[in-house]
Amino acid sequence: MVTTKYIRLVLAAGMLGMVFTGCKKASGDYPGDQYTFDMISSRAYETYALNTEMPDSMSALLPVQGTVPYVGNAIAGTAGDSTDRTINLPYNIPNTPEGYEMAATAISSPLDQKDPKVIAQGQHFFVIYCAICHGVEGNGKGTIVVNEKYSAIPPSYYDPAILALPDGKMFHTLTYGKGAMQTYAFALSKKERWEVIAYINSLQDAYVAANPVNN
């Protein structure tokens, strides 16, 4: 009887020792062994891994259409910068001729158009996306136009009609495209579009200052 009990104790101790010695020490990407792992840690999908639970098998999902980013501090209860809140609101003016005309007075830049930092950012994006057609100087003589690789010649920013073009219409055009010009909403955020417009306005202001007689 005593022998059997002793044997059981020895076996139990041995099995317990095997359990502890079989546990690997956590290190690197290995978090260590856990009992009831599935109850402690959820099996999260990697950001870009296939997810068979979703209709399109994508793990990295886009926000719901119309979602507005929260720019404040939820912990502190602050609402964030009013400029950022304005920029993040959906652009609801339709892509129609009536919408284009409406944009002339319905919207205006939420940024300080004279801020050198805003203008510098606008120049950065202008050189990347606009200069190839409109020219570095904004005169409509971009590389592909001069080399006759593009049949639709863009107007100069210094044409009287373009000088008088409201910022709202410029933003509408950057958002939806117009004529031969495609939309740039895929490449430029709302804030970046307004920055580009600020830079174009700075070019026009410099032109008008240098050519007072012609204006």
Side-chain angles (χ1 to χ4, degrees), residues 48 60 62-63 65-69 71 81 83-211:
Y48 297 106
L62 293 173
Q65 187 174 3
T67 299
V68 178
V71 297
D81 185 81
T83 299
D84 289 335
R85 292 202 305 274
T86 302
I87 289 174
N88 285 325
L89 291 175
Y91 184 67
N92 293 321
I93 297 178
N95 183 20
T96 61
E98 294 77 15
Y100 177 73
E101 294 301 325
M102 184 192 307
T105 55
I107 58 171
S108 59
S109 177
L111 306 178
D112 180 357
Q113 295 274 42
K114 303 298 182 181
D115 187 337
K117 293 181 179 178
V118 172
I119 294 172
Q121 278 292 98
Q123 181 181 18
H124 170 75
F125 293 115
F126 179 89
V127 171
I128 293 174
Y129 296 107
C130 311
I132 191 169
C133 290
H134 290 279
V136 175
E137 298 177 0
N139 55 10
K141 297 180 180 180
T143 303
I144 62 174
V145 176
V146 173
N147 293 334
E148 299 181 349
K149 302 296 182 181
Y150 190 57
S151 58
I153 300 176
S156 167
Y157 289 136
Y158 314 121
D159 181 282
I162 304 302
L163 283 172
L165 191 68
D167 289 352
K169 285 188 175 182
M170 294 173 67
F171 183 86
H172 193 86
T173 300
L174 278 170
T175 301
Y176 291 120
K178 190 176 187 296
M181 177 177 163
Q182 65 171 337
T183 170
Y184 279 90
F186 73 95
L188 297 169
S189 67
K190 295 186 185 74
K191 183 177 182 181
E192 290 165 351
R193 278 171 257 165
W194 283 119
E195 288 170 342
V196 168
I197 292 170
Y199 176 66
I200 293 172
N201 285 340
S202 73
L203 291 178
Q204 293 176 326
D205 290 344
Y207 173 82
V208 170
N211 300 273

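Residues take their numbers from the sequence shown, with the count starting at 1.
- When the side chain to side chain contact (heavy atoms under 4.5 Å, CB included) test is applied to Thr96, the partners found at least two apart in sequence or on another chain are Pro94, Glu98.
- Looking at Phe171 and Leu174, their side chains never come closer than 4.5 Å, going by heavy atoms from C-beta outward.
- Residue pairs meeting the salt bridge (Lys or Arg N to Asp or Glu O under 4.0 Å) criterion with at least one partner in residues 155-178, sequence neighbours excluded, are Glu101-Lys169.
- Side-chain contact between Lys114 and Asp205 is present, with heavy atoms from C-beta onward closer than 4.5 Å.
- Atom OG of Ser108 sits about 6.5 Å away from atom CH2 of Trp194, to the nearest 0.5 Å.
- Taking CD1 of Ile200 as the start and CG of Leu163 as the end, the distance is 11.5 Å to the nearest 0.5 Å.
- Ile107 has its side chain within reach of Tyr91: a pair of non-hydrogen atoms, C-beta onward, lies under 4.5 Å apart.
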When the side chains of residues 116-131 are checked against the rest of the protein, which donor-acceptor pairs come out under 3.5 Å, sequence neighbours left out?
none

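- In this structure, Thr173 OG1 and Leu165 CG are separated by 6.5 Å, a value rounded to the nearest 0.5 Å.
- Here Asp112 pairs with nothing under the side chain to side chain donor-acceptor pair (under 3.5 Å) rule; sequence neighbours left out.
- Within the 4.5 Å cutoff, the side chain of Thr67 has no heavy atoms near those of the Leu62 side chain.
- Listed by first and then second residue, the salt bridge (Lys or Arg N to Asp or Glu O under 4.0 Å) pairs involving residues 134-147 amount to none (not counting sequence neighbours).
- When all heavy atoms are compared, the tightest approach of Val145 to Pro154 is CG2-CD, 3.6 Å.
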| field | Chi angles and distances behind the side-chain contact (heavy atoms from CB on, under 4.5 Å) call for Met170, Val196 | value | CA-CA 10 Å; Met170 294 173 67; Val196 168; over 6 Å; no
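- By the 6.0 Å contact criterion, CD1 on Ile144 is enclosed, its count of non-hydrogen atoms from other residues, nucleotides or ligands being greater than 12.
- Nearest heavy atom pair, residue Ile87 against residue Pro110, reads CG1-CG, 3.4 Å.
- The side chain to side chain contact (heavy atoms under 4.5 Å, CB included) test applied to Ala210 returns no partner, not counting sequence neighbours.
- Side-chain contact check for Ser202 versus Tyr199: some heavy-atom pair is nearer than 4.5 Å.
- One finds the NE2 atom of His134 at 12.5 Å from the CD1 atom of Ile153 (value rounded to the nearest 0.5 Å).
- Applying the salt bridge (Lys or Arg N to Asp or Glu O under 4.0 Å) rule to pairs touching residues 179-197 yields nothing, sequence neighbours excluded.
- More than 12 heavy atoms of other residues, nucleotides or ligands sit less than 6.0 Å from atom CG of Leu89.
- The nearest pair of heavy atoms linking Ile93 to Ala106 is CD1-CB, 3.9 Å.
- Ring-centre distance between Tyr207 and Tyr157: not below the 6.0 Å cut-off.
- Under the side chain to side chain contact (heavy atoms under 4.5 Å, CB included) criterion, Tyr48 pairs with Ala60, sequence neighbours left out.
- Partners of Asn92 according to the side chain to side chain contact (heavy atoms under 4.5 Å, CB included) rule, which considers only residues two or more places apart in sequence or in another chain, are Pro90.
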